[in-house]
Amino acid sequence: MVENPYRLKASRIIRVIKECEGVYTFYIATEEEAQFGQYNMLYAFGRGEAPITIASKGEGYLVHTVRAVGDVTRYIDSLREGDLLYWRGPYGNRWSLEEAYGKTLLILSGGLGLAATRWVFEEAMKRPIKRLIHLYGSKDYDSLLYKYLYEEWSSKADLRAIIGTSHPQWKGKTGIITDLLRKLDIEKDSLVFICGPDPMVKACVSLLKEKGIEENRIYASLERHMKCSVGTCGHCMIGPYFVCKDGPIFRYDLIKEYFERKEV
Amino acid sequence: MIGLEGLRELFYLLSESYKVIAPTLRDGLLVYDHVKDFESLALGYKNVEGPALYAVEKASNGYFTYTHPANSPKAFLHPPELRLMKVRRSDGALSFEMERVEKKYCFFDVRACDLSAIKILDRVFLEKNSHPDPYYKSLRERAFIVAVNCTYRTSTCFCNTMGTGPEVKGGFDLLITELEDSFLLEVGSERGEKMVSLLEKKERTEERHFEEKERKLKYLKDSIEEFFDREGLAQRLYGKMDSSHWEHIEKRCLACTSCTQVCPTCFCFDIVERNSLESDCSERIRLWDSCFSPSFATVHRFNLRQSIHSRYRQWLMHKFAYWVDQFDSFGCVGCGRCITWCPAGIDIRQEVRRLAYG
Ligand SMILES: Cc1cc2nc3c(=O)[nH]c(=O)nc-3n(C[C@H](O)[C@H](O)[C@H](O)COP(=O)(O)OP(=O)(O)OC[C@H]3O[C@@H](n4cnc5c(N)ncnc54)[C@H](O)[C@@H]3O)c2cc1C
Ligand code: SF4
Ligand code: SF4
Ligand code: FES
């Protein structure tokens, strides 16, 4: 008997945090094993499934942050503490954090991409990383995720955020993430993790290359259309790769050929 | 060795334990369908095919005078529509009833190209998949395969270019080759052996029967031209991703999805929800999908493959290059169906040849 990969499990939602309008973070009770970088398929009855990154993990729970953009995600964002969430996973590969031991690790997150880098960022704070820098760009003040964690994060790492438009409560910089990156001094043998929209990834990679960081030291987490998440439906293909199972994280030199070419 | 009566007996023997899927005539097409009586088989007919051209005619003599049906075994092993599960909701909690597919099919008359296509689907769904598909597995394990060696071809066949035919090599339970005045019956599995032992109308096979088979196959093989070299093909195509030829194809391709539907190896699917009027029950359905459809590569309501040439490139590159990296084989078996059923008459053999060797 082979295990049915489409079978869904139920987990109780034990905590809900409103990040901003239309974005909620859910803590779900589960003992399931998972790795930073992986994602789950979250199910909404009668509506379908959506791939959602595991934003963090603690003793007996997993964390998901969901932005309501369509049928499935809107339903999930309507759930509250005590409700059941149905899901399957975890799927995909993990960030290659060990490669950064003894070196500088630079994390670049754009918008909701922070959900995909948060857990590995938290882990990195506990590991033998020489210097940990996290640049985070967000559209505006309201859409900044995890504001309640910045104080703690800033005490353990070099966290720099930038927002698109100024705001009375914002003391930091305004602009886009590449403005921060351009000014950054960084060693050539640093390791870089990126998650954000495709154009942001491309722009960051070209700046990094100017700084002498080679493409095989850069990892990006990609977003593609996914239906099965187990390498069978074909939707997530990019060149010869299935983003659902070969990714979502790719070493940049391996994916570049397909990622940079139009409409692959 | 069996005669026509032996063939009839075999057909009914198989019908006792299996749902027999065989080539039959339907609406002027030769198709795989459930066949209950021997007389409904398409024996003695032939299919005439060319780019955007199809006809069925009566053959002048012989029985297995056609090549392969318009549809393929994929339509049964990976059905166009399959329920994965039923979901019920009561008191805010959901329960799931996973679908069990337990049909026992006998494919009566599978040609070399389609047999290779089944082996390719085995890799996609089971062997090279770390989450083997239980639905495919269940249908596949139960399937009994009677393969038939082709003794004719149509103008769209290019199995020898792809190295899949015309000779059937392994992967069958029984294998039939039509000879001048009888049918050579070969056994490929224990199940096949058992079936033959139940057969009453059979005769001893002699050396000359095998010789006749060899002769016939060689004659056929020599009549099918080689369109391009398989060696290094994937690498050549990887080098042609920016070729202007893709845009030339776009002028003809309608993105109608026909090619992906008739293809015996195209596996892509969608999963959709089917909701009923009683709002407490929903079904999750797997439907064939196509890389030509505009929703296929949509992320946040934006189709990453806007142009039709990028979708054609996805299809051809997948079949002849990506597939090799993914599953260690080509995704094309040279059956020629996509050539016949393309309303624009796009001939994939020519496109590959022009792209890679032009
Ligand atoms: C690996 C991965 C991790 C992700 N992590 C997160 C996360 O942590 N938080 C978050 O809010 N969003 C995340 N997304 C995006 C999220 O999956 C989509 O926003 C969601 O699928 C939209 O579904 P919908 O039904 O609500 O929207 P609709 O736009 O109504 O539906 C879009 C349709 O496209 C399908 N689809 C499949 N994959 C995607 C995709 N990547 N983008 C858009 N549509 C898709 C959906 O199943 C649905 O059928 C992630 C995507 C991927 C691929
Ligand atoms: S690509 Fe065309 S010729 Fe090749 S297997 Fe598919 S339908 Fe047949
Ligand atoms: S190649 Fe032909 S069959 Fe395939 S999508 Fe284009 S027009 Fe349709
Ligand atoms: S999501 Fe189905 S193959 Fe990747």
Side-chain angles (χ1 to χ4, degrees), chain A residues 1-10 12 41 43-49 51 67 69-73 79 82-86 88-89 91 112 197-198 222-246 257-259 261-264, chain B residues 84-85 87 89 92-94 96 98-99 124-126 128-138 238 241-242 266-275 279 281-282 284 286 289-291 295-301 303-307 309-311 313-314 317-318 321-326:
Chain A
M1 218 15 233
V2 297
E3 179 47 32
N4 191 316
Y6 302 102
R7 192 182 290 283
L8 293 147
K9 358 181 202 207
R12 190 72 64 188
M41 293 297 274
Y43 171 70
F45 177 81
R47 299 178 185 215
E49 295 176 324
R67 173 161 63 202
V69 294
D71 292 352
V72 175
T73 44
L79 297 174
D83 289 342
L84 286 173
L85 179 68
Y86 292 86
R88 55 188 177 93
Y91 296 115
L112 211 69
D198 285 5
L222 300 190
E223 180 176 359
R224 285 296 179 273
H225 194 115
M226 291 183 184
K227 278 294 170 183
C228 71
S229 69
V230 291
T232 329
C233 77
H235 280 261
C236 66
M237 244 185 263
I238 174 165
Y241 298 108
F242 291 101
V243 175
C244 66
K245 63 163 188 179
D246 302 321
E257 177 77 10
Y258 313 103
F259 182 72
R261 189 173 269 120
K262 213 173 145 234
E263 299 190 304
V264 177
Chain B
L84 297 177
M85 69 184 90
V87 188
R89 179 165 66 180
L94 305 181
F96 303 92
M98 306 312 274
E99 187 76 6
V124 171
F125 284 102
L126 308 173
K128 300 219 171 249
N129 193 318
S130 55
H131 295 271
D133 189 76
Y135 307 94
Y136 180 87
K137 183 165 193 278
S138 173
Y238 273 119
M241 287 187 70
D242 299 320
C266 270
F267 57 81
C268 290
F269 60 78
D270 197 359
I271 302 174
V272 300
E273 316 305 307
R274 185 182 289 148
N275 298 321
S279 56
C281 182
S282 177
R284 310 210 68 213
R286 174 149 104 186
D289 203 346
S290 169
C291 54
S295 61
F296 192 77
T298 296
V299 175
H300 297 300
R301 310 245 159 89
N303 177 14
L304 295 175
R305 295 192 199 106
Q306 290 278 317
S307 69
H309 77 256
S310 73
R311 288 179 238 161
R313 181 173 66 186
Q314 168 65 21
M317 286 298 293
H318 191 209
Y322 304 159
W323 209 297
V324 178
D325 286 330
Q326 294 168 344

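Chain letters run A, B, ... following the sequence lines, proteins first and then strands; every chain starts at 1. Please read all numbers here as calculations on a predicted model, not as lab measurements. FYI, side chains are in, hydrogens and waters are out, and symmetry mates aren't considered; it's all heavy atoms of this structure.
Note: B:Cys268 leads B:Cys268, B:Cys281, B:Ala93, B:Cys291 in heavy-atom pairs under 4.5 Å with chain A. Of the listed residues (B:Tyr136, B:Phe125, B:Tyr238), the greatest number of heavy-atom pairs within a distance under 4.5 Å of chain A belongs to B:Tyr238. Ranked by non-hydrogen atom pairs under 4.5 Å with chain B, the options A:Val230, A:Ile238, A:Asp246 are led by A:Val230. Residue with the most contacts toward chain B among A:Cys236, A:Cys233, A:Gly234: A:Cys233 (heavy-atom pairs, distance under 4.5 Å). Taking B:Ser307, B:Gly92, B:Ala297 one by one and counting their heavy-atom pairs under 4.5 Å with chain A, the maximum is reached by B:Ser307. Ranked by heavy-atom pairs under 4.5 Å with chain A, the first of B:Gln314, B:His300, B:Met317 is B:His300. By number of non-hydrogen pairs under 4.5 angstrom with chain A, the leading residue of B:Asn303, B:Asp133, B:Val272, B:Asp270 is B:Asp270.
A:Tyr86 places a side-chain N or O within 3.5 Å of a backbone atom of B:Leu94 that can act as its donor or acceptor partner. Using a distance-only test at 3.5 Å, with no hydrogens or angles considered, a donor-acceptor pair links the side chain of A:His235 to the main chain of B:Phe269.
The contact between B:Arg284 and chain A is made entirely by side chain atoms (from C-beta outward), counting heavy-atom distances below 4.5 Å. With a threshold of 4.5 angstrom between heavy atoms, B:Asp289 approaches chain A through side-chain atoms but not through N, CA, C or O. When heavy atoms are compared at a cutoff of 4.5 Å, B:Phe296 approaches chain A by way of both its backbone and its side chain. Looking at A:Lys245, only its side chain comes within 4.5 Å of chain B, counting heavy atoms on both sides. Using a 4.5 Å cut-off between heavy atoms, B:Ser279 contacts chain A through its backbone alone, with no side-chain atom that close. Both the backbone and the side chain of A:Met237 come within contact range of chain B, judged by heavy atoms closer than 4.5 Å. Heavy-atom distances place the side chain of A:Leu84, and not its backbone, under 4.5 Å from chain B. With a 4.5 angstrom heavy-atom cutoff, A:Arg7 touches chain B via backbone and side-chain atoms both.
Classification of the A:Tyr258-B:Tyr322 ring pair by plane angle, with boundaries at 30° and 60°, yields perpendicular.
Two residues are said to be in side-chain contact when any heavy atoms from C-beta on lie closer than 4.5 Å; B:Gln326 and A:Phe242 meet this criterion. A:Pro5 is not listed as a side-chain neighbour of B:Pro132, based on a closest heavy-atom distance of 4.5 Å or more.
A donor and an acceptor atom, one from each side chain of B:Asp325 and A:Tyr241, are nowhere located under 3.5 Å apart. A side-chain donor-acceptor contact under 3.5 Å links B:Asn129 and A:Thr232.
Note: B:Lys137 NZ to A:Asn4 CG = 12.0 Å, rounded to the nearest 0.5 Å.
Residues B:Thr298 and A:His225 share a closest heavy-atom pair of O-ND1, 2.5 Å. When all heavy atoms of B:Glu273 and A:Arg47 are compared, the closest pair comes out as CG-C, 3.4 Å.
Ionic pairing of B:Arg313 and A:Glu263 is not present here: no N-O contact between side-chain nitrogen and carboxylate oxygen is shorter than 4.0 angstrom.
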